[in-house]
Amino acid sequence: MLTRVSLTGSLGLALLATAVLPALAQDRGGALAQAEWAQNYDSAATMRVQRSNTPILSPQTLAATEQMVERYRDIVARGGWQSVSGSDRLRVGSKSPAVTALRQRLIASGDLDPAAGSSPVYDSYVEAGVRRFQARHGLNQTGAMNITTVQAMNVPAEVRLRQLELNAVRLRSYSGNLGERYVIVNIPAALVETVEGDHVATRHAAGVGKIDRQSPIMNAKIQEVNFNPYWTVPASIIKKDLIPKMQKEPSYLTDNKIRIFNGDREIPPSQVNWHSDEATRYRFRQDPGVDLNSMGFVRINIPNPHGVYMHDTPAKGIFGDDFRFVSSGCVRVQNVRDYVSWILQGTPNANPETIESIIQSGQRVDARPVAPIPVYWTYITAWSTPDGLVQFRDDIYKRDGAGAPTAAMTAAAAGPRNFNPDADDDQTN
């Protein structure tokens, strides 16, 4: 929580500048923007969200979350916060009564110091507060308001309190010994953490299951890493995706190096009646290849009854999106080379140069970690870290029962613009 003492001096100067700069702008023209950005804003640095190395599934996170429950009970008891409206296009330099309401909303949740006052000008202090809010809600930190940020701000404090209470129970269920080295997949956050010695070793953005093809909550173990695997298309994707795609683009399978097999015999796409269910009788296999194969260059084998796994993807662009609910149940991992190197630590294949050599060879190579590594696919929508920073994510699969759908659910329900199949079972060769 920020203190008034640390901000009052610089805030006073900034608020004074807010009053006089518009007049100066008439004389200086474009020089005003330069003066704005050249200043050293102490509040922006103070309010910047630092990445915690505390694992989501840890006693420290549980304790911090339980403390945050008490804080949010107090916020609710004091009336919570007001919703913001008419602010989805605000950014630095905007002047509007909506900025005053935005300041009060940011102050109520601890994202802006109360000393920031009630100026109607969207200054760098408001921008820093918006960035902080966006970071705590898993949104791109633009510092400018948009519809997704507005909708996250308009979730009532009572709903956030219920999320914290529910997730404290979930975190408590993981209070046992999870292992010396383990992996956490937090599905609502679309995030992967590798943990070693009670600290986060690496952190990766992820692509997880769509609303209608959900990633399961489960515990498993990483048994093997498969480099340059084939991908065998699951029956569900053949029916839901490939058949409609081939009706529109007859060259799709050939362009994407997906072969059709009837037993061991390969058959050409032209022999299949794509306006029937004939295709579901055959096996579809995509050749290895980083640029086209739906698993990229690697598959992380985690045997489980749901038949899902973790893998690379050629569609790297998803990792820059706010909402990464794009797969058919499996988990796509950003910076997967670092992830694989961590998994194979202590083996000859952990070396980055060796990994790159295997990838470039195009040959199938299977590598095992020193010992199976526990992996926990979890559903945590609210948690706090020991530094007092509270995080919230949308209840994308509606498991919290805490509130109405938000922009995240709307975007996720729409799915990706282009068909990009992602295996939802364990079929590889």
Side-chain angles (χ1 to χ4, degrees), residues 1-3 6 44-69 71 109-111 128 131-141 163-164 167-168 170-208 219 221-222 300 310 319-320 322 324 331-346 350 352 369-371 373-393:
M1 188 69 180
L2 301 175
T3 63
S6 64
T46 305
M47 299 179 71
R48 189 173 298 122
V49 173
Q50 303 295 331
R51 279 208 156 186
S52 171
N53 65 358
T54 303
I56 292 177
L57 303 185
S58 67
Q60 294 86 353
T61 296
L62 172 59
T65 303
E66 290 174 334
Q67 290 179 355
M68 194 58 64
V69 167
R71 178 181 164 191
S109 56
D111 295 299
R131 286 183 187 274
R132 178 184 171 90
F133 178 90
Q134 290 168 331
R136 295 194 303 103
H137 292 77
L139 304 173
N140 282 322
Q141 299 171 49
Q163 279 188 280
L164 284 166
N167 283 277
R170 288 173 178 158
L171 290 168
R172 203 171 295 121
S173 70
Y174 291 97
S175 58
N177 181 14
L178 302 181
E180 177 61 24
R181 300 179 80 234
Y182 61 92
V183 174
I184 303 165
V185 177
N186 188 7
I187 295 167
L191 183 70
V192 174
E193 291 181 347
T194 65
V195 180
E196 188 165 1
D198 296 326
H199 289 83
V200 174
T202 65
R203 189 176 273 117
H204 309 263
V208 300
N219 300 339
K221 289 188 177 181
I222 298 173
I300 291 91
M310 306 175 76
F319 298 123
D322 282 337
R324 300 184 295 275
V331 172
R332 310 175 190 181
V333 184
Q334 182 191 36
N335 295 330
V336 75
R337 286 171 170 80
D338 293 341
Y339 183 48
V340 168
S341 181
W342 181 86
I343 291 171
L344 297 177
Q345 183 177 309
V370 171
I373 300 171
V375 56
Y376 304 94
W377 288 25
T378 66
Y379 196 86
I380 308 297
T381 59
W383 71 97
S384 183
T385 44
D387 58 5
L389 192 73
V390 61
Q391 299 270 351
F392 293 103
R393 298 296 183 271

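Bear in mind that the values here come from a model prediction, so they are computed numbers and not experimental data. Numbers here are sequence positions counted from 1.
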How long is the gap from [atom1] on [X] to [atom2] on [Y], to the nearest 0.5 Å?
X: Glu193; Y: His204; atom1: CD; atom2: NE2; result: 9.5 Å
X: Gln163; Y: Met68; atom1: CD; atom2: CE; result: 13.5 Å
X: Thr65; Y: Gln67; atom1: OG1; atom2: CD; result: 9.0 Å
X: Thr381; Y: Ile187; atom1: OG1; atom2: CD1; result: 12.0 Å
X: Trp383; Y: Leu164; atom1: CH2; atom2: CG; result: 11.0 Å
X: Arg332; Y: Arg324; atom1: CZ; atom2: CZ; result: 12.0 Å

Is there a donor-acceptor contact under 3.5 Å from the side chain of [X] to the main chain of [Y]?
X: His137; Y: Phe392; answer: no
X: Arg393; Y: Arg136; answer: yes
X: Thr378; Y: Val185; answer: yes

Original post:
With a cut-off of under 6.0 Å to the ring centre and 45° to the axis, is Arg181 in cation-pi contact with Trp342?
Top reply: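 Yes; both conditions hold, so Arg181 lies above the ring face of Trp342.
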**OP:** List the steps and the verdict of side chain to side chain contact (heavy atoms under 4.5 Å, CB included) for Tyr174 and Asn219.
**Re:** CA-CA 11 Å; Tyr174 291 97; Asn219 300 339; 4.2 Å; yes
**OP:** Applying side-chain contact (heavy atoms from CB on, under 4.5 Å) between Pro55 and each of Leu178, Thr385, Val200, Asp198, report the one that passes.
**Re:**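 Only one of Leu178, Thr385, Val200, Asp198 forms a side-chain contact (heavy atoms from CB on, under 4.5 Å) with Pro55, namely Val200.
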**OP:** Give me the one residue out of Leu62, Ile380, Leu57 that meets side-chain contact (heavy atoms from CB on, under 4.5 Å) with Arg170.
**Re:**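 Only one of Leu62, Ile380, Leu57 forms a side-chain contact (heavy atoms from CB on, under 4.5 Å) with Arg170, namely Ile380.
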Hey, are the side chains of [X] and [Y] touching, using non-hydrogen atoms and a 4.5 Å cut-off?
X: Val331; Y: Ile300; answer: no
X: Gln345; Y: Val370; answer: no
X: Glu196; Y: Thr194; answer: no

Original post:
Which pair of heavy atoms, one from Gln141 and one from Arg131, lies closest together, and at what distance?
Top reply: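 Heavy atoms of Gln141 and Arg131 come nearest at O-NH1, 2.6 Å.
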